[in-house]
Every structure is written in C-alpha cells, then in structure tokens.
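Computed from heavy atoms alone, side chains included, the values below leave out hydrogens, waters and symmetry copies. The residues of the chain are indexed from 1 along the displayed sequence. In this text the structure is predicted, and so the values were computed from the model without any measurement.
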Amino acid sequence: MDDKPHARRRRYRRALLASAGGTVVLGGVLVTLPWGGQAAPPAPTPQERALAAVTSGVPAALPGLDALAAERERHLRTHPRDARAWAELGAARVEQGLRLADPRYWPRAEKALRTALKVRKDDVPALRAMAVLANARRDHAAARAWGEAARKLEPERWTTYPPLIEASAGLGDDEETGRLLEKLAKLRSGPEVTARAAAVYRDRGWREDAAAKLADAASAAGEPAERAAYLERAGQLAWERGDRQDALRHFQEAVRTDPDQRAAQAGQGRVLAALGRTTEALSAYRTALARQPRPEYALELGELYESLGMRPAAEAHYALVRERVRLATAHGADEELVLGRYEADHGDAEAAVRRLRAEWRRQPSTEVADALGWALHRAGEHEEALPFAVRATEGTEGGGVRSGLFAYHRGMIEHSLERYGAARRHLTEALRINPWFSPLHAPRAKEALARLGEPSVQAGPESS
C-alpha cells in the first residue's frame with residue numbers, strides 16, 4: 001500500500017498540534033511543481049480538525065469527533081502502548097459526551113485516559129483531559145486536582161488553564177479564577193481565550209464586556225462548531241439582559257453555523273416562548289431534547305408546559321428530569337444542582353435543601369448559592385435563606401451575576417421576611433433585567449409587586 005498519504009497526514013497532524021500549543025503553523029509541506037508554482041497543502045480530514053479542536057479545548061464537530069475516536073480505536077488495537085493516542089481518544093470521548101449530553105461516554109473516556117496515564121504517568125494531555133472530564137461531571141474539586149497536576153509538570157502550557165479556570169469558578173473561588181485568567185492571557189491570545197474571559201466577566205456581572213469578548217471570539221473562530229458555541233453564549237447573554245430579538249438572532253445563527261448546536265435550539269425555545277410564539281417554542285425545545293437530553297432543558301420545557309396549563313405534559317418532562325439525573329449519577333456525574341432546583345419548585349423542598357446543602361459543602365458556587373437559598377425559602381427557612389440569596393446576587397466582591405431569576409428569588413425571600421422595601425427593589429430589578437426570565441416565575445414577580453404597591457411616603461423609609 002502507498003504510504004505517502006499517511007505520511008502527509010502525520011505531518012499535517014503535527015502541524016495542527018503545534019498550532020494548538022500556540023505555534024502559528026497551519027499548513028503541510030509545500031510541494032514544488034515542475035513549472036515553479038506551489039500547491040496548497042492537502043485539506044485536513046474531519047478527524048484532524050477534531051484533534052486540533054479537542055487538544056485546544058474548543059468545541060469540535062460531531063462527525064469529526066466520531067471519525068477521530070474510530071481512528072484512534074483502530075490505531076490502538078495494534079499500538080496499545082501509545083499513551084498519546086489513548087489521551088486523544090479519551091479527550092474525544094469527553095467532547096462527544098458534552099456535545100450529546102450523554103454521560104455514558106464518561107466511563108469510556110475515563111478508561112482511555114487512565115490507560116494513557118498507566119503507560120506514561122506524567123502525560124500532560126491526559127491529565128488535562130481528566131480535568132475536562134471532571135468538570136463535565138461537575139466534580140470541580142477533582143478537576144482542580146487534575147489540572148494542578150498538569151500545571152505542575154508544564155506550567156507554561158496554556159491549554160491547562162481553561163479547565164482550571166472552570167474548576168475554580170465551579171468552586172466559587174473568584175480570586176483564583178481571576179489569577180488563572182491573567183496567567184492564561186499572558187500565555188495565549190485567541191478566540192478560545194477571549195471566550196474564557198467572557199465567561200469570567202459574565203460571572204462578575206460585567207455583561208457588556210462579556211458580550212464584546214464573545215463577539216470578538218465568534219469573529220475570530222476557525223471552525224464552525226467553535227463559532228457556533230460562541231454565538232450560543234452570546235445569545236444567552238442577550239437573553240439574560242432581556243433582549244429577545246438579539247438573543248434569537250444569535251441562537252438562530254448558531255444553529256445555521258452548526259446544526260448540532262442544541263444549546264442554541266433550547267435557547268430559541270426560551271426566546272420564542274417569551275415572544276408568545278408558543279408552538280415554535282415547544283418545537284425548538286423538543287428538537288434540542290431529542291438530540292441533547294440535558295435535564296435542565298427538560299425542566300425548562302416542563303415549566304413552559306405548566307405555565308400553559310398543560311399539567312400532564314409538564315409532569316412527563318419533570319419525570320424526564322429525574323430519569324436523566326439518575327442516568328448521570330450512574331455514570332459518575334453530579335446533577336444535584338438541577339435536581340435540587342426541580343425539587344424546590346415541583347417536589348420536596350426539604351429534600352432539595354438536603355441535596356443542596358451537600359452540594360454547597362462540595363462546591364460553593366454562585367449557582368449553588370442561589371439554588372440553596374431558594375430551597376431554604378421554599379422549605380420555610382427564610383432567615384437562613386437570605387445570606388445565600390445575597391451571595392448569589394452580589395458575589396464575593398460586590399459583583400455577581402446579573403440574573404432576573406436570582407434577583408426574583410432574593411426579592412421573594414425578602415418579601416417573606418417583611419423587608420418590603422428591599423423586596424420591591426429586587427423584584428423590580430428582576431423584571432428590569434429580563435421581564436421574561438421564566439414563564440412561571442416572571443408572572444409571579446409581577447403579582448408580588450402589585451401586592452406590594454407603591455412605597456408609602458407617610459410611612460417614611462422602608463426597611464431594607
């Protein structure tokens with residue numbers, strides 16, 4: 001068999017890997033033609049593009065991931081001591097699980113990565129991929145440990161820092177998140193770093209800065225799957241600030257760019273419901289759930305059905321939430337946050353408190369603070385709930401995510417404590433941030449504000 005095409009591909013793969021490490025080498029070997037011209041390098045195969053993506057920590061197209069995983073499995077049948085191939089297979093499996101919201105990929109990914117580390121215990125790509133896997137399972141403490149092991153071996157390898165940043169954010173360590181982002185920015189510039197900065201800015205409440213960073217990342221992205229991911233995040237930011245048309249535009253463009261971008265399809269469902277285009281909203285959610293059955297999409301769709309008075313359909317999707325959480329748990333993933341949110345509003349509030357207290361001890365993030373505060377409120381523990389709501393809306397440094405839902409939760413807790421001035425302020429803020437933040441809770445925020453009425457001038461300053 002002619003070995004030249006394989007040799008060309010190996011050269012191209014090395015070039016892609018060099019690019020992922022920050023070296024600007026994108027082409028293959030130029031071939032001098034008889035008449036003195038130069039031919040373009042061969043186009044990369046889908047698996048080569050997927051490899052460049054997963055080794056850089058950016059989203060990859062599903063067909064390329066499938067091809068990469070299949071090719072690495074074939075290779076490993078005859079080269080079982082190739083640590084790098086095991087690491088690449090594991091990284092591909094992690095990304096497949098993320099793209100498909102299928103936790104059944106996690107054990108397969110872990111087996112490949114542990115095999116890589118058995119062959120070569122200091123394999124940094126395998127350590128980094130283990131950190132990505134732990135983040136995907138929402139085990140941010142383990143992600144930090146794997147990421148730090150990789151950083152200790154190669155502190156200047158930029159690809160180690162994105163999973164460390166995600167882990168620190170998931171653990172609620174805002175200070176460390178900022179330090180890691182600064183280090184990453186010194187080591188690397190590019191769309192993947194810009195997008196990571198946008199996520200940190202969003203968590204600090206710097207929405208305009210985050211939106212600008214995402215626009216830059218989407219413009220500079222190389223592959224369609226990567227660009228679509230940044231467009232989806234931009235759509236989510238627009239939705240969080242209540243800009244329905246801008247959010248819909250971003251979500252639609254993301255799906256056009258990458259039809260497998262299911263988060264953007266769920267985003268379309270969110271926005272279309274807010275626009276009163278209910279039939280289209282239900283269709284968008286169903287499409288997202290069919291191909292990426294994330295429990296949070298099932299919860300959102302269940303609440304949409306409930307807001308429409310379609311209780312049996314709502315219950316069917318609430319059952320799907322529980323089913324998807326059970327599946328995730330069986331494969332080593334932590335979905336206690338979404339289950340706690342479900343239980344607080346639609347199930348057993350005291351069970352939600354128990355789950356979310358344990359989650360808070362493990363990883364005290366902003367999202368967990370909000371969910372635990374709301375669960376405590378729903379269980380009648382309003383005094384204990386308030387500090388968690390304050391943490392969710394103000395962060396640890398006076399910032400915090402600008403979320404209509406979080407502000408609503410705080411306002412309702414304050415209302416229960418008869419802190420009517422503060423309640424009015426935060427309920428008003430929730431509807432100012434996004435008047436359509438939830439098909440169930442936005443109407444309740446309006447009702448609560450109406451009951452509070454206008455502040456009384458004769459009564460003097462209200463308690464805050």
Quick one: does NZ or CZ of Arg233 land under 6.0 Å from the six-membered ring centre of Tyr230, within 45 degrees of the ring axis? no
Check your understanding: Is it true that atom CD of Glu176 has more than 12 heavy atoms of other residues, nucleotides or ligands lying nearer than 6.0 Å?
Key -> yes
Identify every side-chain donor-acceptor pair in residues 209-223 under 3.5 Å, counting partners at least two apart or on other chains, and give the distances.
unit_1 : atom_1 : unit_2 : atom_2 : d
Ser219 : OG     : Ala215 : O      : 3.0

Rounded to the nearest 0.5 Å, the CD atom of Gln236 sits from the CH2 atom of Trp239 at a distance of 8.5 Å
Those residues at least two apart in sequence (or on a different chain) that pass side chain to side chain donor-acceptor pair (under 3.5 Å) with Arg244 are none
Within the side chain of Arg188, is there an N or O that forms a donor-acceptor pair under 3.5 Å with the backbone of Val193?
-> no
To the nearest 0.5 Å, atom CG of Leu431 lies from atom CH2 of Trp436 at 10.0 Å
**Report entry** Carboxylate-amine/guanidinium proximity below 4.0 Å for Glu208 and Arg241
**Finding:** no
Would you say Arg324's side chain and Ala101's backbone share a donor-acceptor pair under 3.5 angstrom?
-> yes
So CG of Asp345 and CG of Leu440: to nearest 0.5 Å the spacing works out to 7.5 Å
Discussion item. Is it the case that over 12 heavy atoms from other parts of the model lie below 6.0 angstrom from the CZ atom of Arg286?
Written reply: yes
- Item | Short N-O contact, Arg179 and Glu175, less than 4.0 angstrom | yes
Is the shortest heavy-atom distance from the side chain of Arg137 to the side chain of Asp334 under 4.5 Å?
-> no
In short, Ala134 meets Ala143 closest at the heavy-atom pair CB-N, 3.4 Å
task = Find out whether Gln268 and Gln252 are in side-chain contact, i.e. whether some heavy atom of one side chain is under 4.5 Å from a heavy atom of the other.
result = yes
How are the rings of His382 and His377 set to each other: parallel, tilted or perpendicular (split at 30° and 60°)?
tilted
Test: Glu253 and Arg227 ion pair at under 4.0 Å: yes
If only atom types and distance count, is the side chain of Ser307 paired as donor or acceptor with the main-chain N or O of Leu304 below 3.5 Å?
yes
Distance col, row Asn135:CG vs Met130:CE, nearest 0.5 angstrom, shows 12.0 Å
If you draw a 6.0 Å radius around CZ in Arg291, do more than 12 non-hydrogen atoms from other residues or ligands fall strictly inside? no
Q. If only atom types and distance count, is the side chain of Arg402 paired as donor or acceptor with the main-chain N or O of Arg207 below 3.5 Å?
A. no
**Prompt:** Does the side chain of Tyr161 reach to within under 4.5 Å of the side chain of Leu181, using non-hydrogen atoms?
**Reply:** no
Query raised in the report: Hey, are the side chains of His346 and Val321 touching, using non-hydrogen atoms and a 4.5 Å cut-off?
Result: no
(message) Main chain of Asp348, side chain of Glu343: is a donor-acceptor contact present, judged purely on distance under 3.5 Å?
(response) yes
Sidechain-backbone polar pair: Ser283 side chain, Thr279 backbone, donor-acceptor under 3.5 Å: no
Side chains of Leu427 and Tyr408 in contact at under 4.5 Å (non-hydrogen atoms): yes
Item to check | Test of ring centre spacing under 6.0 Å for His409 and Trp374 | outcome: yes
| query | Under the 3.5 angstrom rule, does the side chain of Arg108 hit a backbone N or O of Arg93 as a donor-acceptor pair? | reply | no
* Using atom types as modelled and distance alone, determine if a side-chain donor or acceptor of Arg410 lies under 3.5 Å from a backbone N or O of Ala422. => no
**Prompt:** Between Trp206 and Tyr201, what is the ring plane arrangement, given parallel below 30°, perpendicular above 60°, and tilted in between?
**Reply:** tilted
Between the side chains of Lys152 and Glu148, is the shortest nitrogen-to-carboxylate-oxygen separation below 4.0 Å, so that they form an ion pair?
no
| request: Would you check if Leu320 and Leu289 make a side-chain contact, meaning some heavy-atom pair closer than 4.5 Å? | output: yes
- prompt: If we only count heavy atoms from C-beta on, is the Glu88 to Val54 side-chain gap below 4.5 Å?
  reply: no
With sequence neighbours left out, the residues meeting side chain to side chain donor-acceptor pair (under 3.5 Å) with Arg144 are Ser168, Asp173
Exactly one of Glu359, Glu335, Glu166, Glu296 clears salt bridge (charged side-chain N to carboxylate O under 4.0 Å, His left out) with Arg138, and that residue is Glu359
Short N-O contact, Arg354 and Glu336, less than 4.0 angstrom
no
Within the side chain of Arg419, is there an N or O that forms a donor-acceptor pair under 3.5 Å with the backbone of Gly411? no
Looking only at heavy atoms, the pair that brings Tyr297 and Ala288 closest together is CD1-CB, 4.4 Å
| task | Check whether any side-chain N or O of Gln96 sits under 3.5 Å from a backbone N or O of Leu62 as a donor-acceptor pair, and report yes or no. | result | no
The reported gap from CD in Glu384 to CZ in Arg357 (rounded to nearest 0.5 angstrom) is 4.0 Å
Value for OG (Ser416) from CD (Glu381), rounded to nearest 0.5 Å, stands at 12.0 Å
Side chain proximity check, Arg294 to Val338, heavy atoms < 4.5 angstrom:
no
